Amino acid sequence: MSEPSRYEPAAIEARWQRRWQELRLDATPADSDGRPPFYALSMFPYPSGTLHMGHVRNYVITDVIARLQRLRGHAVLHPMGWDGFGLPAENAAIERGSDPAEWTDRNIAQMRAQLQRLGLSIDWEREVATCHADYYRWTQWLFLQFLDAGLAYRGEALVNWDPVDQTVLANEQVDGEGRSWRSGALVEKRRLRQWFLRITAYAGELLDDLPKLEGWPERVRTMQANWIGRSTGAELQFPLLDADGQPSGEHLTVFTTRPETVYGASYVVLAPEHGLVASLTSADRRQNVTAFIDLVGRQSEQERTAEDRPKRGVPIGAHVRNPASGEVIPLWIADYVLADYGTGVVMGVPAHDQRDFLFARQYELPVRQVIIPEGSDEHAFEGGAWLENGVMIHSGPYDGLASPEAKQRIVADAEAAGWGRARLQYRLRDWLISRQRYWGCPIPVIHCPSCGVVPVPEDQLPVRLPTGLRLEGRGGSPLAKLEDWVAVPCPECGAAARRETDTMDTFMCSSWYYLRYADAHNDSLPFERAAVDRWLPVDQYVGGIEHAILHLLYSRFFTRVLRDRGLLGFDEPFARLLTQGMVQAITYRNPHTGRYVAPADVVDANDPRDPVDGQRLEVSFDKMSKSKHNGVDPGAVIERYGADTARMFILFKAPPEKDLEWEDADVEGQFRFLQRIWRLVEAAQARGLSLAAAGVEGDAAAVELTEPERELRRAVHTAIQEVSADLLGSLQCNTAVSELMKLANAMATHLEAVGEPVAREALRSLLLLLAPFAPHLAEELWQRLHGHTSDAPQADGAAFESVHRQRWPQLDEAALRRDTIPLVIQVKGKVRGSLEVPADCDAATLERLALASEVAERWLEGRPPRRVIVVPGKLVNLVP
RNA sequence: GGGAGCGUGCCGGAAUCGGUAGACGGACUCGACUCAAAAUCGAGCGCCUUCGGGCAUGUGGGUUCGAGUCCCACCGCUCCCACCA
């Protein structure tokens, strides 16, 4: 026998990747394929040029699912593409004078090569890039569908302005601290005319359908529900009085979630930005009001909305009549009222709203209690508003009613009397999609002085992004300065007109890419309906939690609009969603200087010191980032250990949805495990075992088995059962890998002692179960066991029997059965011993055996138990 | 303030329905092999113990023959929303 060979992943992986590619093993089967379709999808990356561990984790999880589903007999669509538009390309252009298109394409090529080294079973024929004209043409086409449906509009609003990126942002793109999701800059509010998509028209459906998304994490559904934020309440109209106190015929409409407190409204407040403030303000108040508005205008968004901030306001010298009580009450403006929620006008009910209470305290406005706690006529609030339900008082005909009942009646009566109506209010705002930047999809409309906004005719799409610009990063959209590009005749009347120079939010491009994969080369439509209806909804979507609201909400919206346009036939784009956790790495920080030290510069991991000043370093696990010098390069890991080890490690180290701590020692551990499998197969080969001559799968079951054979078969079929359950159920890749380890352990123990049929079954099963996780090693060992050496993989012309083209192993329930099982004996719920008993004993027999056992004798001291609980197959509990 | 999730050995993490807590891996300790080291193989590895056992899944109660799992209260951490009327 020759020297045992070593497991050298580099050569193996390159060879099989080439071979699989030649044979187009990962091609998506034709639509006519009889197998049931399965769509496995990863969130596509921004082509930054470098693959990081977060990407690796994302795509490896999806790849395991895709490979498993192929083995299980599905026709699998597993595509990849590029979220190609965006600011980094443009910023690189500004800093280095590069061309964003070239920069992006170069990055795509680089990242594609990095991805391919991971051995992902991606169908690269369906690759898309949102920044290529054959894609963005259809993004524009879809925009025109929105326009035609009345769901895209240009409107003036207070919008978020990112002073660093010099563009506006959607609400979803500003984080909880009021910072831009991209630049991290504090956003400013500006009143601008911009393009919006009317996502609010679908707010109700987007919210109501969330419970149907059973395959989504609860967390994501809750986040979306919070974001959409429905409030149930009413709009009430307060008649305006003129300077003489007579009804002017006009009224102010407020939104309230507590219409039952209307008798307690002692003032009405408008947002300072409200459009009617100027005309309602009396002459003698004008100066104060203007000064106040000015003051509020200078506050940042942060200052304005901080909850603990004192509420400020001024009366504007006008009055309204409380529509319920008839009382004349003053109009105020105040900084705690938001212009863009509800109607921008609030009724002040100090007794029953904490904000109104504080405001009334400050300005000595009357506090009128209209609800008291049940069974009490006491004042229910001391130093704060009474927010609970109770019994109505001081509310005319509603006195004595329970407040929920009064709520319904007041709304009904107000509606009948014409001064109110029930109303749902959403927190969700329309989606601001225009961006004053160059590297995005041009909005395909033309502004004509006489025809207004005119869509670019379909046959003139795409509106191509002009190339060869000098980008400076200042002074508004670069496109606006291109007179040649901007000046066009109006498509309707032919008069001189101007192109829209804003580009689209890149989230527009990513809101439909999953549809394009189903029909990636269609050049007459974005996609054929039959193709998307066949593949979608996506069976399993995998991506980061950071898109819980952004991309995932936008995509749900897009899908519904396209459904209503008849372009597709389903409601939800993603049936199952897995949000994978972050990949974190060990991070060293000098607590004195605040500087981060790269792990490579730390000499002794047990006593980490800053090489500069010898300061003891703080150790933590943090998200990998350049600034923390804690990044681990996937390329380097693959080079050292191979893609299979990287894949196995990342799957095993933590459950997919949890954060994962990258640790080199554990990577070594995974490499050792794959080496064990290598040696296991090698030892089997040395024994003359081969799969080439293997008979049918049931072979091993047919013969009379020895005890080790039965044990090994039990291990094999336990692994088949557990790995299948882990992957098909809640995607527990980590426990699936541990089941593979258990099987390998059992094989190391028993393989030498078993006959050929059982050994072959074990080897075959191990490699098939391993195939989704470590596809290269599984293929190499599979081929070797079929008599194809690595130097001469296969005779030309012979059919290539890849491990990835086999069927997932069949579970043989009979192999799991045992003759005897350990019966646990408990006394009063505590384990006191166990007894080997025949597996098929009935409850009465188990009870008898337990009572006769030494354990019973010892612990019961001769007294018969008061009670005996028998759990067949598991335990007997004796209760004295 | 509202909502969601989570607390298990030294560490990552296992534990269908309430039924032997700590699978699997890492780290560590000891042993074999080696001139030596690495690799490999074997053993040990929650805490206490008078070696009978006792105590252990954030804390305190409860339900149950039996609780990591169910219920109540509390403590701590993470995330989302938040002057949203």
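We name chains A, B, ... by the order of the sequence lines, and we start the count at 1 in each one. Since we're looking at a predicted model, the values are computed, not measured.
As rounded to the nearest Å, U59(B) and G7(B) have C1' atoms that lie 11 Å from one another. Across C24(B) and A15(B), the matching P atoms stand 13 Å from one another, rounded to whole Å. On the P atoms, C79(B) is 42 Å away from C41(B), given to the nearest whole Å. Distance noted for atom C1' between G68(B) and G2(B): 29 Å (whole Å). Across the P atoms, A67(B) and U63(B) are found 12 Å apart, a figure rounded to whole Å. Rounded to a whole angstrom, the distance from the C1' atom of A32(B) to that of A39(B) is 14 Å. The separation of U57(B) from U20(B), taken at their P atoms, amounts to 16 Å, rounded to a whole angstrom. Comparing the C1' positions of G9(B) and C45(B) gives an interatomic distance of 10 Å, to the nearest angstrom.
Within the structure, a side-chain polar atom (N or O) of Arg672(A) is placed less than 4.0 Å from OP1 or OP2 of G26(B). Taking only side-chain nitrogens and oxygens, Asn745(A) comes nearer than 4.0 Å to OP1 or OP2 of G25(B). For Arg427(A), a side-chain nitrogen or oxygen approaches OP1 or OP2 of A82(B) to under 4.0 Å. At the phosphate of G54(B), OP1 or OP2 sits under 4.0 Å from a side-chain N or O atom of Arg832(A). Tyr336(A) has no side-chain polar atom (N or O) that falls below the 4.0 Å cut-off from OP1 or OP2 of A85(B). At the phosphate of G25(B), neither OP1 nor OP2 sits under 4.0 Å from any side-chain N or O atom of Lys653(A). Within the structure, every side-chain polar atom (N or O) of Thr735(A) is placed at least 4.0 Å from both OP1 and OP2 of G13(B).
Each of Phe673(A), Tyr7(A), Phe671(A) was compared with Trp678(A) under the ring pair (Phe, Tyr, Trp, His ring centres under 6.0 Å) criterion, and only Tyr7(A) meets it.
With hydrogens and angles ignored, no donor-acceptor pair closer than 3.5 Å exists between the side chain of Arg219(A) and the base of C6(B). Taking only distance into account, the side chain of Lys311(A) meets the base of C83(B) through a donor-acceptor pair shorter than 3.5 Å.
Taking the side chain of Met223(A) as heavy atoms from C-beta on, and the options G26(B), A85(B), C80(B), the nearest nucleotide is C80(B). Checked against C80(B), A85(B), C84(B), the side chain of Asn226(A) finds its nearest nucleotide in C80(B). With G25(B), G3(B), C65(B) as the choices, the nucleotide that has an atom nearest any side-chain atom of Phe652(A) turns out to be G25(B). Distance from the side chain of Lys830(A) is smallest for C55(B) among the nucleotides A85(B), C55(B), G12(B). In this structure, of C81(B), A85(B), G19(B), it is A85(B) that holds the atom nearest to the side chain of Arg355(A). Residue Val831(A) places its side chain closer to U20(B) than to any other of A85(B), U20(B), C24(B). Closest to the side chain of Ile869(A), out of G3(B), G19(B), C80(B), is G19(B).
For the pair Leu878(A) CG and G19(B) P, the computed distance is 19 Å after rounding to whole Å. Rounded to an integer number of Å, the gap from Gln670(A) CD to C24(B) P is 15 Å. The CZ-P distance, from Arg179(A) to C80(B), rounds to 14 Å in whole Å. One interatomic measurement links the two molecules: CG of Leu428(A) to P of C81(B), which rounds to 13 Å at whole-angstrom precision. Going from atom CG of Leu660(A) over to atom C1' of C11(B) covers 13 Å, rounded to whole Å. Protein atom CZ of Phe621(A) is 18 Å distant from nucleotide atom C1' of U78(B), rounded to whole Å. Between Leu651(A) atom CG and G12(B) atom C1' the separation is 15 Å, expressed in whole Å. Summarising the geometry, the separation between CG on Leu553(A) and C1' on C81(B) is reported as 14 Å, rounded to the nearest angstrom.
Between Gly669(A) and Asp356(A), the residue anchored closer to the 5' end of RNA chain B is Gly669(A), taking for each the nucleotide with the nearest heavy atom. Residues Glu663(A) and Glu218(A) each lie close to RNA chain B; by heavy-atom proximity, the contact nearer the 5' end of the strand is made by Glu218(A).
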### Residue pair Tyr267(A), Tyr363(A): steps toward the ring pair (Phe, Tyr, Trp, His ring centres under 6.0 Å) verdict
CA-CA 11 Å; Tyr267(A) 63 99; Tyr363(A) 294 104; 9.2 Å; no
### Query
Checking side-chain contact (heavy atoms from CB on, under 4.5 Å) for the pair Ile228(A)/Leu553(A): CA distance, chi angles, key distance, verdict?
CA-CA 10 Å; Ile228(A) 297 167; Leu553(A) 186 62; 4.2 Å; yes
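The aromatic rings of Trp662(A) and Phe649(A) sit perpendicular to each other, their planes meeting at more than 60°, with 30° as the lower class boundary. Ring orientation note: the planes of His551(A) and His547(A) are nearly perpendicular, at an angle over 60° on the 30°/60° scale.
Considering every non-hydrogen atom in both Val619(A) and Pro608(A), the closest pair reads CG2-CG, 3.8 Å. Across all their heavy atoms, Phe652(A) and Ser738(A) have their closest contact at CE1-CB, 3.8 Å.
RNA chain B contains the following stems of three or more consecutive Watson-Crick or G-U pairs, with both distances under 3.5 Å: B:1-7 with B:75-81, B:10-12 with B:24-26, B:28-32 with B:40-44, B:46-48 with B:53-55, B:58-62 with B:70-74.
Here the side chains of Ile333(A) and Val314(A) are in contact, with some heavy-atom distance below 4.5 Å.
Gln826(A) comes within 4.0 angstrom of a nucleotide base, judged by non-hydrogen atoms across all strands. At a threshold of 4.0 angstrom between heavy atoms, the contacts of Asn877(A) include nucleobase atoms, whether or not backbone atoms are also involved. Contacts of Asn734(A) with the nucleic acid, taken as non-hydrogen atoms under 4.0 Å apart, involve only primed sugar atoms and P, OP1 or OP2. As judged by a 4.0 angstrom heavy-atom cut-off over every strand, Pro655(A) is placed among residues touching the sugar-phosphate backbone only. If you check every strand for non-hydrogen atoms under 4.0 Å, Arg866(A) touches nothing. Contact annotation for Ser738(A): base contact, defined as any heavy-atom pair under 4.0 Å involving a base atom. Among the atoms of the strands shown, none is found under 4.0 Å from any heavy atom of Arg221(A).
Atoms CG and CZ, from Leu206(A) and Arg230(A) in turn, are 10.5 Å apart once rounded to the nearest 0.5 Å.
Applying the 90° cutoff around 0 to the glycosidic angle, C80(B) is assigned anti. Classification of G62(B) as anti follows from a glycosidic angle more than 90° from 0. In this structure, G58(B) is classed as anti because its glycosidic torsion departs from zero by more than 90°.
Applying the side-chain contact (heavy atoms from CB on, under 4.5 Å) criterion to Thr845(A), with sequence neighbours excluded, gives Cys841(A), Asp842(A), Arg848(A), Leu849(A).
At a threshold of 4.0 Å, the pair Arg258(A)-Asp353(A) does not count as salt-bridged, since none of the basic side-chain nitrogens sits closer than that to a carboxylate oxygen. A salt bridge links Glu739(A) to Lys742(A): at least one charged side-chain nitrogen sits closer than 4.0 Å to a carboxylate oxygen.
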